[in-house]
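Heads up, the thing below is written out as structure tokens.
Nothing fancy with the numbering, it's 1 onward along the sequence.
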Amino acid sequence: MKYEIPKEIKAKPKILGLEMRELVIILISSLLLLTILRDLVHSVFMIPYIVVAVIGMIYLFLPSGQNPDKRVYESMMLWFRNKKGVYHAIDHHKNQNIATHEEVQSTRRSDV
């Protein structure tokens with residue numbers, strides 16, 4: 001007997017190229033868009049509404065251009081959770097960053 005050995009142990013099950021979590025999100029959000037919010041759309045605009053909703057849902061699950069290995073909706077969640085008042089240092093010049101930080105700390109101590 002031949003048994004198939006999975007190449008990736010941590011691979012998530014997929015249906016139609018989407019993970020189970022993404023499929024549930026699509027189903028719930030499409031249910032919300034196409035049923036609950038349907039009453040807010042005039043009957044003349046129903047077909048364009050459905051077309052735009054479907055295209056929007058497809059776009060949200062495309063791979064993100066700015067964040068590798070993430071979908072567009074995941075990138076949007078990161079953007080909304082981003083704290084604008086927090087500085088995140090980039091470690092391109094780690095030693096220079098440490099020296100600058102120590103210099104700022106020493107000037108703060110001398111001012112007090």
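Shown here are the ring-ring contact (aromatic ring centres under 6.0 Å, His included) partners of Tyr73, two or more places apart in sequence or in another chain: Phe61. Applying the side chain to side chain contact (heavy atoms under 4.5 Å, CB included) criterion to Glu102, with sequence neighbours excluded, gives Ile98. Among residues two or more places apart in sequence or in another chain, the side chain to side chain contact (heavy atoms under 4.5 Å, CB included) test is passed with Leu78 by Asn67, Lys70, Arg81. The side chain to side chain contact (heavy atoms under 4.5 Å, CB included) check on Gln105 picks up His101, Arg108, Arg109, with sequence neighbours excluded.
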Would you list the atom pairs, donor with acceptor, under 3.5 Å between side chains in residues 38-47 and any protein atom, with sequence neighbours excluded?
unit_1, atom_1, unit_2, atom_2, d
His42, ND1, Val44, N, 3.1

Cut-off 3.5 Å, no hydrogens considered: what does the side-chain donor-acceptor table look like for residues 53-60, sequence neighbours left out?
none

